[in-house]
> 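Could you have a look at this structure, given as structure tokens, before my questions?
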There are 2 protein chains.
Amino acid sequence: MVSRKENVEKYLVEHGIKPSFQRISIMDYLRTHPTHPSVETIYNDLSPRIPTLSKTTVYNTLKLFVEHGAALMLTIDEKTTHFDGDLSSHAHFFCLGCGQIYDIEMDASVRERASESDLFTITETHLYYKGYCRKCCEKSDK
Amino acid sequence: MVSRKENVEKYLVEHGIKPSFQRISIMDYLRTHPTHPSVETIYNDLSPRIPTLSKTTVYNTLKLFVEHGAALMLTIDEKTTHFDGDLSSHAHFFCLGCGQIYDIEMDASVRERASESDLFTITETHLYYKGYCRKCCEKSDK
DNA sequence: TACCATTTTGTAATCTTTACAAATTTGTTT
DNA sequence: AAACAAATTTGTAAAGATTACAAAATGGTA
């Protein structure tokens, strides 16, 4: 029986990241919270459990994750950067009303078509939509 | 014979924007510079010609354009927001080496498929890729 | 001209992110 | 276990982008 934390540890090692306590905690948070959290949110949620945690560490760690391809950086929201621990192919929807980011399906062809071009070496594909989610539509009749 | 500025003026009015001198200048800049400029770039380039121009005005004006659907805000680059005066359906490529944003073709299906969903009211579709452009590939053999 | 509404401007404040050096932790060698 | 070097974490200060806000300028109208 392998614990969740052990799986996270293995995941980090597989991506060439030395698994420290903080790194494991942050990656575990990302994977158990598929809500595209910001640095602020991650810090606020982990802080009580890891009292010594520094916001700089959260920044550094997430940057490390992104550089090693262990997490994705989402820049949909111009206010703050959000992070995604789900590397599977999917698109995002950003609600202009409540600011929430939802996962939505993405057709594989979007990725494939682009890689046909030989003008660029593509490493990441991002597809997202903006608008209003159902809740916000009902509220304001957008 | 209609001047370029007159066309810009008409374009603004069509989008419900009162065409002031600054607004016309900024929209004209956007349309004649399809390079996805940042506020900084626009300000620096227009400043010599419009000595009284304030950076705040550039910020305000671009926000106004985006709200009225007269320009697009690009958040590909997490460092700064870029703006696009080209409303036609296209995708973007962001070079991680030089930071430049290139236009690339976008299949219409990307937009259509999403609007099928009735969970969200979609107002904008953004598709972009990250990686290295040819110049940067050659430089560093990425 | 006098008046009101809108737009622009400049400065200060806010917010996010990064730089950096000190402190801590980890791993290794003795 | 002690000593040491390397890597990681931390806290503070700085940088950079954006916004708030009030004063100044502009435009249109009675």
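Letters go in sequence order (proteins before strands), and every chain restarts at 1. All values reported here derive from a predicted model rather than from experimental measurement.
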> On DNA chain C, check which nucleotide each of R23(B) and T81(A) is closest to and give me the residue with the more 5' one.
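The residue closer to the strand's 5' end, by nearest nucleotide, is R23(B).
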> Can a donor-acceptor pair be found between the side chains of H33(A) and D45(A) at a distance below 3.5 Å?
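There is no such pair between these side chains.
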> Strictly below 4.0 Å: does S54(A) bring a side-chain N or O up to OP1 or OP2 of dT9(D)?
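For S54(A), the contact criterion (side-chain N or O under 4.0 Å from OP1 or OP2 of dT9(D)) is not met.
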> If we check side-chain hydrogen bond (donor to acceptor under 3.5 Å, both in side chains) with D77(B), which of these qualifies: K130(B), H36(B), H82(B)?
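For D77(B), the side-chain hydrogen bond (donor to acceptor under 3.5 Å, both in side chains) test succeeds with only one of K130(B), H36(B), H82(B), which is H82(B).
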> Classify the nucleic acid contact of T57(B) as base, sugar-phosphate or nothing, counting any heavy atom under 4.0 Å across all strands shown.
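Result for T57(B) = base.
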> Within this structure, what is the CZ-to-C1' distance between F21(A) and dT24(C), rounded to whole angstrom?
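Rounded to whole Å, this separation is 15 Å.
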> Taking atom C1' of dT11(C) as reference, at what distance in whole Å does atom CG of L53(B) sit?
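Result: 16 Å.
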> Is it the case that the ring center of Y129(B) lies less than 6.0 angstrom away from the ring center of F93(B)?
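Ring centroids of F93(B) and Y129(B) are no less than 6.0 Å from each other.
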> Is the phosphate of dT19(D) approached by K79(A) (side-chain N or O, under 4.0 Å from OP1 or OP2)?
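Answer is yes, contact under 4.0 Å.
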> Distance check: side-chain N/O of T56(A) vs OP1/OP2 of dT9(D), anything under 4.0 Å?
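It does not, given that no N or O in the side chain of T56(A) lies less than 4.0 Å from OP1 or OP2 of dT9(D).
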> Is it possible for you to say whether F21(B) and L12(B) belong to one hydrophobic cluster, with membership spreading through side-chain heavy-atom contacts below 4.5 Å?
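Yes; L12(B) is reachable from F21(B) via cluster members.
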> Is the backbone of I24(B) close enough, under 3.5 Å, to the side chain of D28(B) for a donor and an acceptor to pair up by distance?
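Not at all, since once roles are kept as given, no pair shorter than 3.5 Å links the two residues.
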> Measure OH/Y43(B) against C1'/dT9(C) and give the value in whole Å, please.
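That distance rounds to 10 Å.
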> Taking only side-chain nitrogens and oxygens of T52(B), does any of them come within less than 4.0 Å of OP1 or OP2 of dA25(D)?
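It does not, given that no N or O in the side chain of T52(B) lies less than 4.0 Å from OP1 or OP2 of dA25(D).
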> Check the hydrophobic clustering (I, L, V, M, F, W, Y; side-chain heavy atoms under 4.5 Å; chains of links allowed) and say if V13(A) and V66(A) are grouped together.
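In one cluster: no.
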> Could you state the atom-to-atom distance from CD1 of I42(B) to C1' of dT18(D) in whole Å?
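Distance, rounded to whole Å: 14 Å.
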> Rounded to whole Å, how long is the line connecting atom CD of E67(B) with atom P of dT7(C)?
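Between P of dT7(C) and CD of E67(B): 12 Å.
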> Work out how much the helix from dT1(C)-dA30(D) to dT30(C)-dA1(D) bends between its end axes, five pairs an end, to the nearest 10 degrees.
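Answer for the end axes of this duplex: 10°.
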> Nearest whole Å is fine: how far is dT17(C) P from M73(A) CE?
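Value for this atom pair: 10 Å.
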> With a 4.0 Å cut-off on N to O distance, would you call R23(B) and E9(B) a salt bridge?
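Salt bridge: no.
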> So, Y128(B) versus T75(A): side-chain donor-acceptor pair below 3.5 Å or not?
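Looking only at side-chain atoms, T75(A) and Y128(B) do form a donor-acceptor pair, the distance falling under 3.5 Å.
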> Check this one for me: any side-chain N or O of Y59(B) less than 4.0 Å away from OP1 or OP2 of dT18(D)?
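So the side chain of Y59(B) is within the cut-off, an N or O lying under 4.0 Å from OP1 or OP2 of dT18(D).
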> Both E78(B) and N60(B) contact DNA chain C. Which one's nearest nucleotide lies toward the 5' end?
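Final value for this comparison: N60(B).
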> At 4.0 Å (heavy atoms only), tell me whether K55(B) reaches a base, stays on the sugar-phosphate, or touches nothing.
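The residue K55(B) makes no contact with any strand.
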> dT25(C), OP1 or OP2 - any side-chain N/O from Q22(A) closer than 4.0 Å?
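For dT25(C), OP1/OP2 do not have a side-chain N/O of Q22(A) under 4.0 Å.
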> Could you state the CD1-C1' distance from I24(A) to dT25(C), rounded to the nearest angstrom?
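For the pair I24(A) CD1 and dT25(C) C1', the rounded distance is 14 Å.
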> Rounding to an integer number of Å, can you tell me how far I26(B) CD1 sits from dT8(C) P?
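Taking atom P of dT8(C) as the reference, CD1 of I26(B) is at 8 Å.
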> When we call it a touch if two heavy atoms are under 4.0 Å apart, what does S20(A) touch: a base, just sugar-phosphate, or nothing?
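Contact class for S20(A): sugar-phosphate only.
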